[in-house]
Amino acid sequence: MASSPAFLSAQDVGSFAYLTVKDRLPQILTKVIDTLHRHKSEFFEKHGQEGVEAEKKAISLLSKLRNELQTDKPIIHLADKCVDTDIWNQYLEHERSLLNETDGEPRWFFSPWLFVECYMYRRIHEAVIQSPPIHDFDVFKESKDENFFESQESIDALCMYLQQLKPARNLGEDQLKDELFKLLQISLWGNKCDLSLSGGESSSQKSDVINSLEGLKPFILINDTESLWTLLSKYKKAAKPPVVRVDIVLDNSGFELITDLVLADFLLSSELATEIHFHGKTIPWFVSDVTVRDFNWIVEHVRSSNQKSMATCGADWESHVKMGRWIYHDHIFWTLPHPYCTMPQVAPDLYAELQKACLILFKGDLNYRKLMSDRKWEFTIPFHQALCGFHPAPLCSIRTLKCELQVGLQPGQAEQLMASDPHWLTTGKYGILQFDGPL
Ligand code: F6P
Ligand code: MG
């Protein structure tokens, strides 16, 4: 069997990985430092002088981190004592064991990009938790909440749209399918609102996404939504299995999370699914990724909105959670640097949980990178093959393209895209809904 291609890495000067490590990551670190600075008086009010000292300590750890990154220092062990610390340090040792003597130590511009980028976010977490009493402070919370507030109009429009579809189980088959496709596309374009691509700057949804869908269709490079329909409608028709479980591996909070919740609500009300399981992060991650706090915060804010449709949606969502139709999970595996094909060994409990799903939706670019092991695959290699044995259940990646990685394209498709738009892989302008699994 041919060996797998190399990992994306900042070693490739001029690549998107290189530009990320050189420019985007230090920018994000600077923004984190600035955020801590701006909260100084809040820390003082809450914790007195101790809070101010903690802020200073976190800032000094983060400045050190930024310096290590910018001067391409060796990557060092984590010094905290969290549940995942040993796994991280073993991973670093493994990276070290792969190097030749002449390579020296694993470094920021030399190691796999996926490892380095995840490591940076884990070190941010380390800096904060080592600075009590502000150890619980989410340095990205403000940006995530801002994204929600700035997207209010679009959120309201989406909630209104969802409400007028209800009860969705009464929709005719064609309309049901049509609405499912629309909501999947809305969830796809919601992924444009990630805050890490913009270096933590605002990236909210201001335009009317529902009426833009038709115009955006040419930007969907792979659209396997028919397969999702075939799968879910088959279960619905047969009324079997009695529990149709759809898992959504969440990505970003703010507008994107709303699009996922709207889709999840529709799946229940249309009876295409009976249970939705959400998977979020245990620590602040890649700026905008959802933690349990974000999840609860958004549901609560939608419920207490002055806008009637939003408030109705929020109340429904709260009741889904209470009644156990929506189940939120988190697991440390999602914030480790490991590709998903290693999940059965590294997190067998999580793999077993995912195997219970009838369908798993993986949201966003980072999930795609981890599904694909962040390797330099050829554009035409089949998705199934690049998953390298990761097949817990039928799955679909819903992602806008933000890195130089895409598989499953038609021969010549990548070349054509490159000719018309040299940045097609990295701007989030294009999207995919890419399915793998038996039907
Ligand atoms: O690949 C570019 C990037 O900004 C990465 O830093 C990260 O992998 C990803 O995009 C974040 O996007 P998403 O929120 O869609 O996972
Ligand atoms: Mg994200």
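Small disclaimer: the values here were computed from a predicted structure and weren't measured. Atoms within each ligand, like the ligands themselves, are counted from 1 in listed order.
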Any idea which atoms of ligand 1 are less than 4.0 Å away from a heavy-atom of [X]?
X      : value
Asn191 : 15 (O)
Arg24  : 2 (C), 3 (C), 4 (O), 5 (C), 6 (O)
Cys403 : 1 (O)
Arg369 : 1 (O), 5 (C), 7 (C), 8 (O)

- Query: Which is it for Asp365 and ligand 1 at heavy atoms under 4.0 Å: side chain, backbone, both or neither?
  - Reply: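 The answer is both.
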Regarding ligand 1, does [X] bring an N or O atom to under 3.5 Å of one of the ligand's N or O atoms?
X      : value
Thr20  : no
Trp113 : no
Asn367 : no
Leu366 : yes

- Item | Glu68: partners by side chain to side chain donor-acceptor pair (under 3.5 Å), with sequence neighbours left out |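 Listed in chain order: Lys64, Arg123.
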- Item | All side chain to side chain donor-acceptor pair (under 3.5 Å) counterparts of Ser420, not counting sequence neighbours |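 Expected list: none.
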Salt-bridge criterion met for [X] and [Y] (N-O under 4.0 Å):
X      : Y      : result
Lys31  : Glu142 : no
Glu275 : Lys356 : no
Glu226 : Lys177 : yes

- Message: If you consider just the N/O/S atoms, which atom of Asp251 is the closest one to the Mg ion (ligand 2)?
- Response: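 Closest to the Mg ion (ligand 2) among those atoms: OD1.
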- Message: Are more than 12 heavy atoms, taken from residues, nucleotides or ligands other than Glu378, located less than 6.0 Å from that residue's CD atom?
- Response: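 No.
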- Query: Is there a donor in the side chain of Asp80 and an acceptor in the side chain of Thr85, or the other way round, less than 3.5 Å apart?
  - Reply: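 Note: Asp80 and Thr85 side chains meet the donor-acceptor criterion.
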- Message: Regarding Glu256 and Asn191, do their side chains bring together a donor and an acceptor under 3.5 Å, going by distance alone?
- Response: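 Yes, because at least one side-chain N or O of Glu256 sits under 3.5 Å from a partner of the opposite role on Asn191.
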- Task: With the Mg ion (ligand 2) at the centre, find the angle made by OD1 from Asp289 and OD1 from Asn252, to 10°.
- Result: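 Value, to the nearest 10 degrees: 80°.
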- Message: Can you tell me if Tyr368 contacts ligand 1 (heavy atom of the residue under 4.0 Å from the ligand)?
- Response: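 It does not; every heavy atom stays at 4.0 Å or beyond.
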